[in-house]
Every structure is written in structure tokens, then in C-alpha cells.
Amino acid sequence: MAVLTVYLAQLNVFGYELTAIGRTREEARSAIKGVYEKNQDHHGPLDDSGNMRTFDDYAEYASLCIHEMPIGHVEWL
């Protein structure tokens, strides 16, 4: 029997821990990216030079985490 898996993405930004679940790693990442881009304004997040951080840059800077989680199994995060 195949093990069903979901992906849990987490990114700390805007004073919150954004969390999304997807059927694929990319689906979970895209959900976080959409919220990031929708809520980003001229106040940030900014890089050390005061420029607006792209999602990819911020995801790397803040260590976007994507956990592969088998359904029905306990994961210690």
C-alpha cells in the first residue's frame, strides 16, 4: 500500500508563522509565496540595503521550511 504524503511549508514573516499544506512541495511553497506577495508593502521585508526582498530572496534568508509528512504518521517538528 502506498503511503500518502503531504507537504507542510512554514515561513516566519510579517510577525507571523505562515503555514501551508500542499499535495506537492511546490503547491505548499506557492501558497506561501502568494500570501507573501499579496501582503508585501513598501515597508518590507527589506534587505540590508533597504531594498524590497523578493520572495525567493526572503525564503532563503528566513529559511523557508518544507516538511514532507506521511499521512497518519507523527512528525516531531
Side-chain angles (χ1 to χ4, degrees):
M1 176 183 252
V3 175
L4 297 178
T5 302
V6 295
Y7 295 85
L8 176 81
Q10 296 176 299
L11 181 66
N12 191 335
V13 64
F14 310 127
Y16 296 92
E17 183 78 21
L18 301 182
T19 304
I21 296 173
R23 291 175 293 254
T24 64
R25 185 176 298 276
E26 185 55 37
E27 184 177 35
R29 185 181 188 283
S30 291
I32 296 283
K33 181 178 181 179
V35 170
Y36 177 92
E37 291 176 345
K38 180 179 177 185
N39 289 284
Q40 187 180 35
D41 63 15
H42 62 281
H43 297 294
L46 305 175
D47 64 17
D48 293 337
S49 301
N51 299 315
M52 193 69 60
R53 285 191 187 271
T54 64
F55 173 77
D56 291 333
D57 178 56
Y58 190 77
E60 183 177 333
Y61 169 79
S63 300
L64 169 67
C65 295
I66 303 178
H67 306 281
E68 182 177 338
M69 301 180 65
I71 293 177
H73 294 219
V74 174
E75 296 291 326
W76 293 69
L77 303 177

Test item: [X] and [Y] side chains (from C-beta on) under 4.5 Å apart, heavy atoms:
X     : Y     : answer
Thr19 : Leu8  : yes
Leu46 : Asn51 : no
Leu18 : Val13 : yes

Apply side chain to side chain contact (heavy atoms under 4.5 Å, CB included) to residues Met52 and Gln40 and explain how you reach the verdict. CA-CA 9 Å; Met52 193 69 60; Gln40 187 180 35; 3.1 Å; yes
Same cluster (ILVMFWY, side-chain, under 4.5 Å), Val3 and Met69: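 Each belongs to a different hydrophobic cluster.
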For the atom pair CG (Asp41) and CZ (Phe14), what is the distance rounded to the nearest 0.5 Å?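 Rounded to the nearest 0.5 Å, the CG-CZ separation comes out at 7.5 Å.
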From Glu68 atom CD to Thr5 atom OG1, the distance as rounded to the nearest 0.5 Å: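 Glu68 atom CD to Thr5 atom OG1 measures 5.0 Å (nearest 0.5 Å).
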Smallest separation among heavy atoms of [X] and [Y], with atom names:
X     : Y     : answer
Leu11 : Tyr36 : CD2-CD1, 4.5 Å
Tyr7  : Ile66 : CB-CG2, 4.1 Å
Leu64 : Gln10 : CD1-O, 3.3 Å

Take Val6 and Ile71, measure what side chain to side chain contact (heavy atoms under 4.5 Å, CB included) needs, and give me the verdict at the end. CA-CA 7 Å; Val6 295; Ile71 293 177; 3.9 Å; yes
Acceptor/donor pairs from residues 20-29 side chains to any protein atom, 3.5 angstrom cut, sequence neighbours excluded:
residue, atom, partner, partner atom, Å
Arg23, NH2, Glu27, OE2, 2.8
Thr24, OG1, Glu27, N, 3.0
Glu26, OE2, Ser30, OG, 2.9
Glu27, OE1, Arg23, N, 2.5
Arg29, NH2, Asp56, OD1, 2.6

Is there a donor-acceptor pair closer than 3.5 Å between any side-chain N or O of Asp57 and the backbone N or O of Arg53?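 Checking the backbone N and O of Arg53 against the side chain of Asp57, no donor-acceptor pair under 3.5 Å is found.
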Of Tyr61, Phe55, Tyr58, which is the lone residue that meets side chain to side chain contact (heavy atoms under 4.5 Å, CB included) with Pro45?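 By the side chain to side chain contact (heavy atoms under 4.5 Å, CB included) criterion, Pro45 pairs with just one of Tyr61, Phe55, Tyr58: Tyr58.
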